[in-house]
Every structure is written in C-alpha cells, then in structure tokens.
Amino acid sequence: MTTDQPGRPALQVRDLSVTTRSGTHLLSDLTFAIADGERVGLIGESGSGKSLTALAVMGLLSESLTATGGIRVSGHERNLIGEREGALSRLRGTTMAMVFQEPMTALNPTMRVGQQVAEVLTIHRRARGAQARERAVALLDQVGLPEPAETAHAFPHQLSGGQRQRVVIAMALANDPALLVCDEPTTALDVTVQDKVLGLIVDGVEARDAALLFITHDLAVVSRVCERVLVMYGGRIVESGPVGQVFAAPRHHYTAGLVAASALTGPRGGLSAIPGTVPSAGRFPTGCVFRTRCAAATSECEIQPRWDAAGAQGWACHHPIGAS
Amino acid sequence: MGAPIIEVDRVSRVYHRARRSLTRPAPVVQALREVSLTVEAGERLGIVGESGSGKSTLLRHIAGLEQPTSGTIRFDGKDISGLSGRRLGFLRDRLQLVFQDPMGSLDPRMTVAQIVAEPLHARRVRDAAARVEEVLAAVGLPAEAAGRYPHQFSGGQRQRISIARALTVSPDVLLADEPVSALDVSVRAQVLNLISTLVDARDLTLVFVSHDLSVIRHLCDRVVVMRAGQIVEDGPTEQVWRDPQHDYTRRLIAAIPAMPADTHRSEI
Amino acid sequence: MLWRLLTRTGVLLVSLAVASVAVFATMNILPGDPAEVALGVNATEGAKAALRTEFGLDRPLPVQYADWMGGMLTFDPGISYVSKAAIGPQVLDRLLVTLWLVGAAMALAILVAVPMGTWMAVRHRHPDGVALAAVSQVGVAVPAFLVGVLFIAVFAVRLRWLPSGGWVAPADDPVEFVRHLVLPATALALVQAAVLSRYVRSAVLDVLREDYLRTARAKGLTPVGAMVRHGLRNAAIPVVTVLGLQLATLLVGAVVVEQVFTLPGLGTLLLGAVGQRDLLMVQTVVMLLVAAVLIINWLVDLVYVVLDPRLRVAR
Amino acid sequence: MTSLLRRSGLGRLNASLVLGGTLVTLVALAALVSIVWTPYPPMRVLSGVGNFDPPSGSHWFGIGFRRDIFSQVIAGAQTTLLVGVVAVGLAALVGVPLGLVAAMGPRWLSELVMRTSDLVLAFPALLLAIMLAAIYGQGRVVAMVAIGIASIPTFARVTRSGSLAVLASDFVLAARAAGRGPLGIAVRHVLPNIAGLLIVQASVAFALAILAEAALAYLGLGTPPDTPSWGRMLLEATPVLHRAPHLAIFPGLAIAISVLGFNLLGDGLRDRLDPKLLERS
C-alpha cells in the first residue's frame with residue numbers, strides 16, 4: 001500500500017488523531033481513503049469533529065492542536081503530518097483545495113474577486129499577469145457567474161451568498177486539484193441556491209476526475225452528492241459504506257437514529273428522536289462514544305468496539321443492528 | 001377550527017436605508033408587499049420562504065413587535081397595527097413567540113426561572129414560582145433547571161426553556177420563528193415532537209416559520225409560500241407539496257434534496 | 001463616494017463652527033469679565049474700562065465673535081491683551097515648530113508600532129510575542145514628559161550627546177535642527193508607539209481570526225504571505241481610525257513635551273499665555289489645535305473610503 | 001513564567017488580572033495608609049537633613065528639598081485616586097445615560113448625542129484644563145472637571161455600541177414579546193449585559209485620568225503646591241535631575257505602576273467578563 005503505484009488513492013488517512021494541549025482527544029484513530037474521482041461524504045452533528053478532519057487534511061489545524069497518524073495525498077511522497085509549512089503551502093491550492101462553510105466571510109473584502117481567483121494561479125506560477133486575469137474570468141464563467149468579466153471587477157460585498165460561494169469554488173478548482181474538500185459548503189445558502197451549487201461541485205470534480213471529501217450534517221445532501229459516506233460521532237468514524245446501503249440498512253445505532261430523525265415522516269408528536277444531546281468536546285464516554293445515548297448499550301460497550309465489515313459497509317458496534 | 005383569530009389585511013412594510021449616493025435617492029427595501037392572510041383559531045399554519053422573503057418580518061408584525069407601513073393587522077377582531085407597546089398587553093397575554101437562536105434569545109445574565117417568569121413579571125405578577133415549575137415540567141425540564149443559567153444547557157434544552165417562557169401566560173397562539181433551524185438533527189425531532197404535543201394538549205393556534213418545507217409539511221396543516229415580500233401560494237400542506245401551483249413553489253420543492261428513506265418522491 | 005465626501009465635509013464645517021462658538025463662549029462668558037482676568041482682581045475700574053475699550057470687549061458678544069472668527073480665517077485673530085502684539089505672526093512661527101515635532105513623532109511611532117504590533121499579534125502564543133506585549137503595556141503607562149525628563153538626564157546631561165532643549169530652524173542649520181529634534185520627537189513617539197502597537201496588535205489578531213485568511217492559506221499562501229497579501233490592508237482599516245484619534249493625543253502630548261524641552265512651539269506659547277492670563281491668545285491657540293484635530297478626523301474618514309471598498313458604492 | 005503565560009488564553013488573562021489587581025490594591029493601600037499615617041508630614045521641611053539626601057534607612061526614598069519623598073509619594077496616591085474617582089465618576093454618570101439614550105432614543109436624538117460626543121473628543125482633557133486654568137487659575141477641581149468632561153464621549157460611545165449589540169439580540173425581542181417596556185428592557189437586560197464592558201472602560205479611563213492629572217500637575221496647572229502630587233514632584237525634580245535622580249525616579253515609578261495597574265486590570269477584566277458579548281459589540 002505504501003508504494004507509489006498508479007492505483008494509489010487520492011487521499012489516504014491512517015490512524016489520524018487530534019488532541020488539545022490539555023490532552024483532550026478531539027479526533028481518534030480515523031482511517032479512510034478516497035480514490036480518484038470518488039465522492040465521499042462525512043456526516044455528523046456539531047461537535048462530531050468533521051470540520052476538524054477537513055482542517056487536519058489540509059494541514060490548517062490551529063497551532064494549539066496536535067495531530068498524529070498519517071495523511072497522504074497522491075503526488076506527494078511524504079506524510080503530510082509533520083511536513084514543513086513550505087511543502088504544505090505548495091500542495092494547497094494545487095493538489096488539494098478547500099471550500100468553506102461561510103461564503104460571506106471566506107473572501108477578502110478589500111480585494112476584487114477576479115484578483116482573488118487569479119491569485120491562486122499566480123501563487124503557484126501557473127499563470128502570470130494578464131494571462132492569469134483572463135484565466136480567472138474563464139473560471140468565473142465556468143462556475144456560472146453572469147457577466148464574468150464584470151463580476152471579476154466586483155468586490156465580495158457586491159455579490160450574493162450563492163455568487164460568493166461560486167467564486168470560492170472557482171478558486172478551489174482553478175488548478176485542477178486531485179482532492180477537493182468541502183466543509184458544509186451550502187449550509188448558509190437557500191435551498192434553491194444550494195441545489196445549483198451542489199450541482200456545480202459534482203460537475204467540477206467529475207470533470208477533473210478529482211476525489212471529493214464532502215462534509216455536511218444533512219443526510220439528504222450527502223445522498224444527492226456522494227457515493228460513499230463516513231458517519232462520525234464523538235471524533236470517531238462509527239460507520240461507513242455506500243450511501244444507499246448505509247442509509248437503507250444502517251448497522252450502527254447512531255446512524256439508524258440519525259436516519260430516522262432526519263426523515264420527518266412519523267406521526268405528529270411521534271417522530272423518532274435520539275434521546276439526550278451531543279456532549280461537548282472531551283465529554284464523550286470512553287469505550288463506544290455513543291453508548292450514553294444508545295438504547296442497545298450494555299456493559300460490553302464500555303470497551304472500544306472493533307471495526308467490523310461486511311462487503312463495502314463497515315461499523316464499530318458491539319451490538320450492530322440486524323446481527324442477532 | 002373556527003373564527004379567524006389573526007387577520008392580516010394588505011400589509012406593506014418599507015425599510016429605508018442610509019443614503020449612499022449623490023445622484024440616487026436613499027435605497028428602500030420592500031420587506032412586505034400587500035400581504036393578506038387569515039389564520040383561524042386552532043389552525044397549524046406554516047410560512048415557508050427563503051432568506052429575504054419577508055417571512056420573519058411578517059411574523060414580527062403579527063406579534064406586534066413591528067408596525068406596518070400600510071395595511072392593518074387584527075387579533076381576535078381588534079386592530080393591533082397602530083398600537084404602541086404599552087397598549088398591546090392583551091396581545092401579550094394571548095400570543096407568544098419562540099425564536100430561532102436558542103442562545104441569543106435567552107438573556108445570559110438571567111436564571112432560567114427569571115427568563116421563564118419574565119412574561120408574568122412584565123405583567124407585575126409577583127409570585128410566579130409555582131407557574132415556572134409547572135411549565136418547566138411541561139417542556140420536560142427538571143425543576144432544578146430553574147436556578148441555572150442558559151449557558152449551562154445544550155441547544156435543544158435552551159429551546160425548551162424558550163418554549164416554556166412562551167407558555168407561562170397560557171397563550172392561545174404560539175408563533176415560532178425557525179425554532180429548530182439551529183439544532184442538530186438528532187435533537188430537532190425532540191423539539192418538533194414537543195411543539196406538536198403542546199399545541200395539541202393546549203389547543204394552541206400555531207404559526208410556524210421555516211425555510212424548510214419538509215419540517216412544515218410534518219407539522220402544519222396549511223402552508224403559505226413567501227417570496228420577495230409576497231405570498232405566492234397558500235393551501236393545505238399536502239396539496240401544495242404534491243401539486244404546487246406557483247412556479248416558484250415548484251422550483252422550491254424540486255430543489256429539496258431527497259432523503260434516502262423518503263419514499264414519497266418516488267411515488268410521484 | 002461623492003455623497004460621502006459631501007456629507008463628511010458638511011459635518012466638518014458644522015463641527016468647526018460649533019467648536020469655535022464653544023471655545024469663544026468658554027473664554028468670554030465663563031470668566032464674567034475678561035478684563036478682570038487679564039489685569040487681576042486688584043485692577044482699578046478705570047484700567048479695566050480702558051482695556052475693554054482698547055480691545056473692543058465692550059461690544060456685544062456676537063460682534064466680538066464675528067470679529068475673532070473673521071480674523072482667524074485671515075490669519076489675523078487680533079492683538080494680545082498682554083503683549084499688545086499681533087497674535088497671527090506669533091502663532092504661525094510657533095505652529096511650524098509644533099508641526100515638525102508632531103510629524104516626526106507620528107512618523108517614528110508608526111514606523112515602530114506597525115511591525116511591533118504585527119509581531120505581537122502573530123506571535124501572541126509565543127514567549128517573544130508575550131514579552132513584547134508586556135513591554136508595550138509598560139510603555140503605555142509611562143507619561144511622555146517623564147520619558148523626556150529621563151532623556152534629558154541621560155543623553156543631554158550625563159552623556160552630552162544631544163542638546164537638552166531649544167530649537168534651530170531647518171533653514172538655519174539642518175544638522176543642528178535634527179540634533180534638537182531627536183530627543184523631543186523620540187520622547188513623544190515612544191509612548192505613542194506603545195499605544196499604537198497595542199491597537200495594531202488587536203487589529204491583526206482580529207484579522208488572523210478571519211475566514212478569508214484561512215481561505216488564503218488554503219490557496220497555498222504561507223502564513224506570512226497570507227498576512228502580507230490579505231491581512232495587513234484589512235487590519236489597517238481600524239488602525240487608521242485610531243491614528244486620527246491618536247493625533248489628537250499627540251498634539252496634546254506635544255504641548256507638554258515642548259515644555260520639557262523648552263521648544264518655542266504652540267504648547268509653550270499656550271502655557272505662557274495661560275500664565276499671563278492672555279485670554280485671546282489662549283482662545284486662538286486652543287481653537288487652532290481643535291481645528292487641527294477635526295480636520296485630521298475628516299481626512300481619516302476619507303482615507304477610510306480608499307481602504308474599504310464596502311464604503312465606496314452600494315449595489 | 002513563560003510556560004504559564006504560553007498556555008494561551010487562560011494563563012495570560014489571569015496574569016493580567018492578578019498583576020493589575022495587585023498593583024491597584026497597592027496604590028489604594030498607599031492612599032489609605034497615608035490618610036492616617038506617613039513617616040513624616042509629607043510637605044513639611046525637615047531639619048537635620050540635606051537638601052537632596054539619597055535613600056537611606058530613615059528616609060526610604062531619600063530627601064528632596066529637605067522633605068521626605070516616601071511620605072510625599074504615598075500621600076500623592078490620595079490625589080491620584082481622588083482625581084481618578086471623581087473624573088471617571090463624572091464621565092460615567094453623564095456618559096452612560098447619554099449612551100443609553102443614543103442607543104434607545106429616536107434617531108435624531110441619537111445623532112445629536114453622537115455628533116456632540118465627536119466634537120467633545122476634539123477637546124482632549126489637557127486642552128480643556130488649560131482653558132479652564134486660564135480663567136480660574138490652577139486647581140484640583142479644574143483638573144478633575146476637565147478630565148471628567150473629556151472622558152464623557154468614550155463612556156457614551158462604549159455604552160451606545162454595547163447597548164446596540166444587546167438591543168439587537170433575540171432576547172430583547174423576546175422581552176418585548178413578553179411585554180416589557182423600554183425602561184424595563186434598559187434596566188433588566190441592557191445594563192446587566194453591558195456592566196462588564198463599563199467596568200473595563202472605567203478601568204481604562206482611570207489609567208488615562210492618572211496620566212492626564214500627572215501631566216497637568218507637571219505643567220503647574222493641576223494640584224496646588226501645598227498638596228503632595230506625583231506630577232508636581234516631577235516638575236520640581238527636573239532642574240536638579242543631574243544631581244538627585246531619586247527625586248524623579250520614585251514619583252515616576254508611582255505613576256507608571258498605577259497606570260499599568262489599571263490598564264492590566266482592564267485587560268484582565270475584558271477577557272474575564274463575558275467575552276462573547278464583548279465580541280459581538
């Protein structure tokens with residue numbers, strides 16, 4: 001697996017853990033891979049650690065956090081954890097790119113958007129001067145912004161949220177990355193705008209045969225965008241597998257609860273809900289992270305469950321659904 | 001069902017922005033344009049729309065928190081659109097609100113007991129302790145929650161506090177402005193269940209604002225769709241969901257990503 | 001853009017007018033009898049009456065105000081009650097000295113504060129950043145005149161490197177001009193730099209937390225590159241506001257520092273006038289300083305528009 | 001020390017708070033003690049001492065113009081604190097209600113208050129004091145009033161921006177929906193939520209007042225010669241600095257320590273008192 005063969009996945013994460021200075025585990029032993037052209041969703045509620053995973057992959061964790069384990073991207077020999085800042089900077093924006101949640105604040109308010117797009121080309125010496133500006137306009141056109149040449153001269157505050165997110169996507173796709181990381185890219189947008197932006201992302205990665213790591217709390221959005229899904233809770237991946245399979249026949253009780261709670265199809269006043277609330281970071285129980293809210297939990301769950309798999313679907317549960 | 005309890009009659013609201021150009025006049029924002037709407041007692045009405053559609057603005061007008069530029073709003077036959085805060089006492093007794101942001105809508109410097117009792121204190125009712133305990137129990141919070149502060153609770157629990165506050169005066173009408181939008185999926189269902197149960201048990205009229213049509217479809221019998229300050233569609237929720245008449249409603253429904261377990265869409 | 005320029009200029013003109021009325025009223029109504037203030041309580045009624053007639057203090061106040069204001073606008077605000085000399089030329093001479101002092105101090109303060117504040121912010125979790133922040137905190141606590149006094153003791157009296165005070169005009173002898181300017185300007189600048197660096201620090205810290213800086217990193221800029229290309233300009237916006245307000249404190253600081261170094265600037269003129277109860281002189285110099293502050297704030301407001309495109313035009 | 005400081009947020013803010021609190025307490029103690037006891041009467045010319053004796057066992061900070069410097073320094077704390085308390089009190093008493101009115105009142109009133117405060121900002125404390133001193137002569141009252149008036153605008157601005165942030169919150173909307181009137185909202189919601197902000201502002205304003213008072217005294221416009229004052233001690237020390245530096249060092253240190261104390265206290269409190277609301281404003 002460690003040899004650099006053509007079949008090597010675009011992103012490979014192995015035993016990734018992130019801890020604070022006081023020793024609190026925010027992420028524990030994440031292992032997953034995304035192949036070229038594959039679209040993988042990472043779902044979980046607030047505090048599950050999904051945004052932190054994205055930042056760890058990009059090497060953008062805050063200084064006060066420590067990451068251990070392995071993160072490898074195609075086209076770069078070494079582990080990204082422990083890699084020098086200079087080398088990471090060269091990878092960001094080229095091999096791997098990211099789209100953030102808040103389009104309103106993700107762009108520099110004092111710089112014209114065309115310039116901001118062109119910059120991602122000039123930093124990596126893909127184009128210069130007038131050529132970069134032309135490419136930027138072309139990219140703005142590609143993401144469906146009307147009158148791209150004029151829009152390039154606009155400042156961010158002159159654009160709507162949806163338009164700004166298109167600019168961010170144009171920047172992310174500018175250098176044809178092998179891996180695109182999206183952190184809740186449509187959460188701040190209206191439904192009708194969300195639909196178009198999601199289409200843009202899917203088309204963008206498909207055209208480039210890029211790998212996609214798509215983070216969201218919305219199960220319906222994952223089904224719309226992704227082929228495979230990773231379910232996170234309490235800083236751990238508790239289940240993974242093809243989207244249809246995982247949502248239709250979840251094995252982990254958390255996934256099942258999430259699917260049921262998202263459906264909104266029960267009788268009024270009788271929606272199925274997961275009891276209790278998501279603990280704050282560092283307050284998750286030892287052993288199975290979900291056991292304090294799980295109806296099926298037993299004393300066995302105080303021990304960290306093993307990762308089980310059947311076909312493409314995997315889970316970490318002592319009492320998986322449909323096992324007995 | 002029965003008599004109309006809220007009547008909104010051709011209400012418009014214009015906001016003036018600060019002038020920014022020599023040549024152009026100060027920009028105005030038409031937040032509501034000639035909106036008319038009637039809510040009957042005991043009804044569960046949903047208002048759906050995207051950001052800037054005017055749905056929250058409409059709700060605040062109904063609650064007497066803002067005054068329309070033109071048009072009238074009647075509550076139980078009484079015109080409230082010209083009344084100042086002081087003369088809206090009768091409305092406060094009968095209509096209460098739940099807000100979107102479960103943290104922002106609770107004063108961080110007040111205990112839960114003070115927050116929940118505020119509608120009574122504002123009425124100069126002195127002894128509210130028994131009532132506070134009663135409504136906290138009704139929303140599923142333990143009695144000892146009364147002495148604690150909002151930041152000691154999770155998002156879902158805070159929304160329960162917010163609902164408890166709305167119930168202290170035993171209102172007839174409950175207005176809810178995106179009460180579950182800021183909540184996690186697993187908690188959202190708990191709060192929706194609570195609202196639904198309380199509305200049934202206390203014979204409340206519910207006006208529920210949301211950007212999420214599927215939440216309204218679950219909770220409400222009737223829905224109005226708003227866009228750019230206007231109501232573009234009004235009808236029974238299931239009928240609107242299955243057979244939208246307005247072009248915008250159609251686009252709105254088409255844009256909602258389908259849940260994997262959502263069997264409904266595949267029926268169409 | 002033009003609209004903003006017009007409204008701000010309108011505000012400036014109204015402010016200047018109101019400020020001049022306030023200054024005039026304070027100096028002419030509060031004392032009861034300006035002549036008595038000028039001549040002392042023991043002055044004879046005849047002497048006071050003579051002074052009133054000589055300087056037109058017996059005229060109605062609005063007339064006196066109009067006379068003074070008209071004079072201000074033509075650089076001839078009147079005759080001093082005490083020295084009986086024209087105020088205009090004296091003030092202009094002194095103004096130049098103060099401008100040199102304040103200008104040099106401001107430039108020096110900015111030169112020190114911007115890199116220092118940025119360093120403090122970027123390294124705020126590291127010992128060097130914390131130490132620098134502590135130094136600036138101490139710097140804020142030391143009054144400029146104390147620094148001046150210490151400078152004189154060390155550099156002028158003990159080491160004899162630089163003169164302890166006085167003034168040489170740049171046209172007379174450029175070298176001596178600089179030698180005389182160094183100590184007072186540095187004394188004034190150091191405290192200012194400490195204050196300013198703390199504002200720069202907090203502005204840069206705010207920018208560091210901004211999403212767009214993370215976007216810049218995700219594009220492939222190094223932390224330093226992201227700060228230089230995207231951070232500094234945005235951090236400059238709040239700092240420029242503070243600069244305007246700081247200039248006001250700098251002008252006042254100059255009044256004190258001129259006293260320490262016996263520089264013939266507006267400050268020493270003003271304090272001398274206070275000592276001699278020369279009300280018209282006090283009134284004129286105060287108005288000049290206030291006008292300077294108001295005009296600087298007006299300029300800052302315009303610079304703002306250049307820095308922040310959000311203020312330029314609405315779409 | 002550095003390892004403690006380095007542990008980011010918490011370590012640093014506690015250090016500020018603790019150090020600032022200690023320094024301020026020290027100054028307050030000096031002022032209190034000096035009311036009932038000083039080693040020597042601060043302003044009395046002593047016999048049996050030289051003009052500028054350096055610090056010694058019997059005169060801890062030395063002698064200046066045949067007076068005991070230690071006694072003058074601790075008695076000078078009284079002046080400093082008195083001027084600070086009166087000036088900040090005046091500024092808060094006028095500025096806070098004005099800020100509230102500007103936040104909650106009609107737009108024209110708000111504009112009037114803010115424009116006026118902009119204008120007053122153009123009159124720094126020292127300039128006001130100079131104007132008043134030209135008319136009334138030097139004195140502590142002139143200094144206190146001038147510094148107080150000059151600090152009103154900042155209190156008004158801080159109050160207004162803090163109040164606006166609170167008023168924009170959903171909990172104020174909820175309070176209105178619950179039937180609270182404007183006065184109830186101001187008392188029950190706005191003031192408790194901006195109290196922290198105002199305490200921080202008071203602390204910072206106090207530091208500025210100390211600096212302004214010292215400058216005025218140094219210019220001979222503040223405290224009269226018969227009252228102990230740090231600024232005036234510096235003024236008197238200046239001509240003899242090369243012979244007797246201790247005359248300037250101790251009052252200089254006293255000024256720096258008290259300003260540093262109040263600034264650190266303000267910083268520490270800022271981080272301590274509800275950082276969320278401060279961020280919003």
Side-chain angles (χ1 to χ4, degrees), chain C residues 11 14-15 18-19 22-23 26-27 30-32 34 37 124-127 130-131 133-134 137-138 140-146 149-150 152-153 156-158 191 245 248-249 251-253 255-256 259-260 267 270-271 273-275 277-279 281-283 285-286 289-294 297, chain D residues 1-3 5-9 11-12 15-16 115-116 118-128 130-138 207-208 210-212 214-216 218-221 231 234-235 237-238 241-242 245 248-249 251-253 255-264 267:
Chain C
V11 168
V14 172
S15 302
V18 174
V23 170
T26 310
M27 304 306 293
L30 271 192
V37 174
H124 73 284
R125 286 180 200 279
H126 299 264
V130 173
Q137 186 69 274
V138 172
V140 172
V142 183
F145 65 88
L146 182 57
V149 168
L150 294 177
I152 293 178
V157 176
R158 189 132 306 169
V191 179
L245 292 175
T249 42
L251 274 174
V252 171
V255 170
V256 190
Q259 194 74 3
V260 176
L270 181 60
L271 290 167
V274 171
R277 299 293 172 98
D278 192 347
L279 291 191
M281 181 68 96
V282 173
Q283 177 182 325
V285 177
V286 166
L289 292 174
V290 169
V293 172
L294 288 172
N297 285 335
Chain D
M1 181 75 172
T2 44
S3 68
L5 291 178
R6 199 164 31 170
R7 230 176 290 142
S8 76
R12 200 156 34 83
S16 290
R115 288 283 154 256
T116 312
D118 276 350
L119 197 64
V120 177
L121 269 182
F123 290 83
L126 205 82
L127 224 47
L128 281 176
I130 287 173
M131 280 166 71
L132 294 181
I135 300 163
Y136 298 112
Q138 68 171 20
L208 289 175
I210 294 172
L211 281 173
L216 282 174
Y218 180 81
L219 294 178
L221 297 176
L234 280 170
L235 171 63
T238 309
L241 204 59
H242 54 288
I249 287 170
L253 269 180
I255 294 170
I257 282 175
S258 25
V259 175
L260 185 65
F262 278 102
N263 273 336
L264 284 176
D267 267 16

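Chain naming here is simple, since letters A, B, ... match the order of the sequence lines and numbering starts at 1 in each.
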Asker: So for I130(D), is it side chain, backbone, both, or neither that comes closer than 4.5 Å to the heavy atoms of chain C?
Answerer: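 Contact with chain C is through both the backbone and side chain of I130(D).
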Asker: Is chain C contacted by the side chain of I210(D), its backbone, both, or neither, given a heavy-atom distance below 4.5 Å?
Answerer: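 Nothing of I210(D), per the 4.5 Å heavy-atom cut-off to chain C.
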Asker: Can you tell which part of F262(D) gets under 4.5 Å to a heavy atom of chain C, answering side chain, backbone, both or neither?
Answerer: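 Contact with chain C is absent: no heavy atom of F262(D) under 4.5 Å.
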Asker: Mind running side-chain contact (heavy atoms from CB on, under 4.5 Å) on L219(D) and F145(C) for me, showing each step along the way?
Answerer: CA-CA 10 Å; L219(D) 294 178; F145(C) 65 88; over 6 Å; no
Asker: So do the side chains of L119(D) and L294(C) get within less than 4.5 Å of each other, counting heavy atoms only?
Answerer: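 Counting from C-beta outward, L119(D) and L294(C) do come under 4.5 Å.
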Asker: So which part of A122(D) gets closer than 4.5 Å to some heavy atom of chain C, the side chain, the backbone, both or neither?
Answerer: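 For A122(D), backbone and side chain are both near chain C.
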Asker: Considering only heavy atoms and a distance below 4.5 Å, find which of V293(C), V290(C), L146(C), V157(C) pairs most often with chain D.
Answerer: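 Of V293(C), V290(C), L146(C), V157(C), V290(C) has the most heavy-atom pairs under 4.5 Å with chain D.
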Asker: To the nearest 0.5 Å, what is the distance between CG on L241(D) and CD1 on I152(C)?
Answerer: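 Reported value, rounded in 0.5 Å steps: 8.0 Å.
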Asker: Decide yes or no for D118(D) and S15(C): does some side-chain heavy atom of the first lie under 4.5 Å from some side-chain heavy atom of the second?
Answerer: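 When only atoms from C-beta onward are counted, S15(C) and D118(D) do not touch, as no gap falls below 4.5 Å.
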Asker: Rounded at 0.5 Å granularity, tell me how far OG1 in T26(C) sits from CG in L128(D).
Answerer: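 If I round to the nearest 0.5 Å, the distance is 8.0 Å.
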Asker: Distance check, rounded to the nearest 0.5 Å: L279(C) atom CG versus M131(D) atom CE?
Answerer: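 So the gap between those two atoms works out to 10.5 Å.
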Asker: Given heavy-atom pairs under 4.5 angstrom as the criterion, report whether the side chain, backbone, both or neither of V149(C) touches chain D.
Answerer: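 For V149(C), heavy atoms of backbone and side chain both lie under 4.5 Å from chain D.
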Asker: Any side-chain heavy-atom pair from L126(D) and L221(D) closer than 4.5 angstrom?
Answerer: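 Contact flag for L126(D)/L221(D) side chains = no.
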Asker: Using non-hydrogen atoms and a 4.5 Å limit, figure out which bit of V11(C) sits close to chain D: side chain, backbone, both or neither.
Answerer: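 Contact with chain D: side chain only.
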Asker: Is chain D contacted by the side chain of V285(C), its backbone, both, or neither, given a heavy-atom distance below 4.5 Å?
Answerer: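 It is neither, since no heavy atom gets under 4.5 Å.
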Asker: Could you have a look at L234(D), T116(D), L132(D) and say which one has the most heavy-atom pairs with chain C under 4.5 angstrom?
Answerer: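 The option with the most such pairs is L234(D).
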Asker: Please flag which part of Q137(C) lies under 4.5 Å from any non-hydrogen atom of chain D: side chain, backbone, both or neither.
Answerer: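 The answer is both parts of Q137(C).
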